[in-house]
Amino acid sequence: MPPQTRRMAFPKVVIERETDSEQSSSEEDEADVEQEEEEALESENKGKVEEALDEKKKGKAPITISLKKVCKVCKKPGHEAGFKGATYIDCPMKPCFLCKMPGHTTVACPHRVATEYGVVPAHHKSTRNALEYMFERQIRPRVPPIKPAYVIPDQVSCAVIRYHSRRVTSLEFHPTKNNILLSGDKKGQLGVWDFVKVHEKIVYGNVHSCILNNMKFKPASDDTVYAASSDGTISCTDLETGISVSLMNLNPDGWQGQNSWRMLYGMDINAEKGAVLVADNFGFLYLVDTRSNDPTGKPILIHKKGSKVVGLHCNPVQPDLLLSCGNDHFARIWDIRRIEAGSSIYDLAHSRVVNSAYFSPVSGSKILSTSQDNRLRIWDSIFGNMDSPSREIVHSHDFNRHLTAFKAEWDPRDSSESLAVIGRYISENYDGAALHPIDFIDVSTGQLVAEVMDPNITTISPVNKLHPRDDVLASGSSRSLFIWKPKEKCEPVEQKDEGKIVICAGAEKKRNRKLGDGSDDSDDDKFRPKGKNLKSKKSALKSSQYTIKVKR
DNA sequence: AGTCTATGCCGCC
DNA sequence: TGGCGGCCCTAGAC
């Protein structure tokens, strides 16, 4: 149908109509709808129309009003993208949102249909070098041959605590007190929560003035924690007293503009050397002696100059091996005994920003990296070649703003070093609710072992930490914290052909995508799941039968 | 219910 | 090489 002109009395108002009749998806009487639209438009645009007439008198161009349905994503007519209920319809003009390849949409993406499809098999190259020789001799014997059964925390244990006023950026379990979880937020506050006593929590508000990016306990000192922040300082906080001292301040002269303001992101501790290692947003690494609180040597450029170094990790077996990752699309391995700009042992290339990279927790022989290109990568120094990843697993965690960066983390208790946990960005339509699961992935096969979700948790959970000693998962989602435990008191877990379990608490109710918050805005304790239908912790726990459903 | 926004990276010019 | 606009499912405050 060609564009029509309406109402000859207003000759220069051009209405463009939907031309693609195939797209008429609705059973409604379209003529009526269009009639209404026309009337509405007419009255709405009367002013404009008069203007148009005036302008016409002055000899100006006519106004064109489009009634075409236009895709919100690509702005082109003929199709629509966006949520239909709880299912997101991709724009066919864009590459797949999940794997980034053209030719299909997310719904049809082979990686979504079966995650193992996206796994690149391991290389079996036999190149030898000093690092591999060391791993073979010292570490290989420690790698257990048998993979134990996974214990997946699957049930929200003590619901929600919401004491942070901004989104959660960092979580850490206490090294000896099993019930204590530390949390840091975008505002720089440090929370200490006893998640068994639930109501016992402390929030230290003066530790940092902006984003608390990383924290680590001081070795052999249970109640002292270091934290690195975008305010450019390293803090050392006594958890009992809340007294915090600054180990280093990279912005002693205060704000001199964003070109000079230094922010600290990656941090780890080398216990042997008694050093805190931190890295900034300009590509530099700093070593600080924990006894003297003085920097050791000069800052060292370890990533592209001017780029953010977001992660540092010392090898659990060989603490002199340092792993760094950052915005220059690389993760790099260093020997801190001989570290200088350009002296990296390996440069692990990624196609986009690397959110995190961690050595495996037991042998330290594998590396798990999370990149903004929607892929998890496994780099295996024993069976693989560090020139390329031994596994690439397509997984939705690409989001560039508003959320804390997703980081895949190893299960610290999995001696086979194959289980990883990471939150998922893309939602799953679960009984009409769009939920964002927390994924447990067997990185040795690429299989999704479990997707953990709860209808009360409608927000994305980018921050996840598995307990080093218990079957507990802590999640940070927006401003809230969640503690998950295994479903011991519930029905036995059904397991069907794929072995892919959807774990869900109180999922009987159908809900809309937007559940709403249902809470006031105070920063008081909110020991309850979110959601309008659940007003209190008591009623929430009562109403939840914590059934398990198996996804086919 | 609608509007606004804090903000990070990427690609374009 | 730098500045600027644009984003695919944000979350929460007004």
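A note on names: the letters A, B, ... follow the listed sequences, proteins ahead of strands, and every chain is numbered from 1.
The residues A:E409 and A:K465 are annotated as salt-bridged, a charged nitrogen and a carboxylate oxygen being separated by less than 4.0 angstrom. Ion pair A:R332/A:D347 flagged as a salt bridge, since at least one NZ, NE, NH1 or NH2 atom sits closer than 4.0 Å to an Asp/Glu carboxylate oxygen. Between A:D398 and A:R352, at least one side-chain nitrogen of the basic residue sits less than 4.0 Å from a carboxylate oxygen of the acidic one, meeting the salt-bridge criterion. The pair A:D154-A:K485 does not count as a salt bridge, with every side-chain nitrogen at least 4.0 angstrom from each carboxylate oxygen.
Atom pair A:F406:CZ and C:dT10:P shows a separation of 11 Å (rounding to whole Å applied). Between the P atom of B:dT7 and the NZ atom of A:K187 lies a distance of 12 Å, rounded to the nearest Å. Here C:dA11 presents its C1' atom at 16 Å from CG of A:L435, a figure rounded to the nearest Å. Whole-Å rounding puts the A:L403 CG to B:dC9 P distance at 13 Å. With rounding to whole Å, A:N374 atom CG is found 18 Å from C:dC7 atom P. If you take CZ of A:F97 and P of C:dT10, they are 9 Å apart, rounded to a whole angstrom. Nucleotide C:dG3 holds its C1' atom 12 Å from the CG atom of A:N259, rounded to whole Å. Atom CG in A:N281 sits roughly 15 Å away from atom C1' in B:dT7 (whole-Å rounding).
Of the listed nucleotides (C:dC7, B:dC9, C:dG12), C:dG12 has the atom at the smallest distance from the side chain of A:T459. Among B:dC9, C:dT10, B:dA6, the nucleotide with an atom closest to any side-chain atom of A:I460 is C:dT10. The side chain of A:R401 approaches B:dA6 more closely than any other nucleotide in the set C:dC8, B:dA6, B:dC10. Nearest nucleotide to the side chain of A:K100, out of C:dC8, C:dC7, C:dA11: C:dC8. Proximity note for A:Y88 (side chain, C-beta onward) versus C:dC9, B:dT7, C:dA13: the nearest is C:dC9.
Each of A:Q372 and A:R166 has a nearest nucleotide on DNA chain B; the 5'-most of these lies closest to A:R166. Taking for each of A:H402 and A:N327 the nucleotide of DNA chain B with the nearest heavy atom, the 5'-most of the two is the partner of A:H402.
Using a 4.0 Å cut-off, some side-chain N or O of A:K308 falls inside it from OP1 or OP2 of B:dC9. Applying the 4.0 Å criterion to OP1 and OP2 of B:dT7, one finds that A:K186 has a side-chain N or O inside that range. Contact between the side-chain N/O atoms of A:T106 and the OP1/OP2 oxygens of C:dC8 is not found at any separation under 4.0 Å. The side chain of A:R162 places no N or O atom within less than 4.0 Å of a non-bridging phosphate oxygen (OP1 or OP2) of C:dA11.
Relative to the six-membered ring of A:F282, A:K305 misses at least one condition, a distance below 6.0 Å or an angle of at most 45° to the axis.
Within the nucleic acid shown, A:D90 has no heavy atom closer than 4.0 Å to any nucleic acid atom. Using a 4.0 Å heavy-atom distance criterion, A:R167 is classed as making no nucleic acid contact.
With a glycosidic angle no more than 90° from 0, C:dC8 adopts the syn conformation.
Between C:dC14 and B:dT7, the two P atoms lie 15 Å apart (nearest whole Å).
Checking each of A:F359, A:W334, A:W410 against A:H313 for a ring-ring contact (aromatic ring centres under 6.0 Å, His included) leaves exactly one that passes, namely A:F359.
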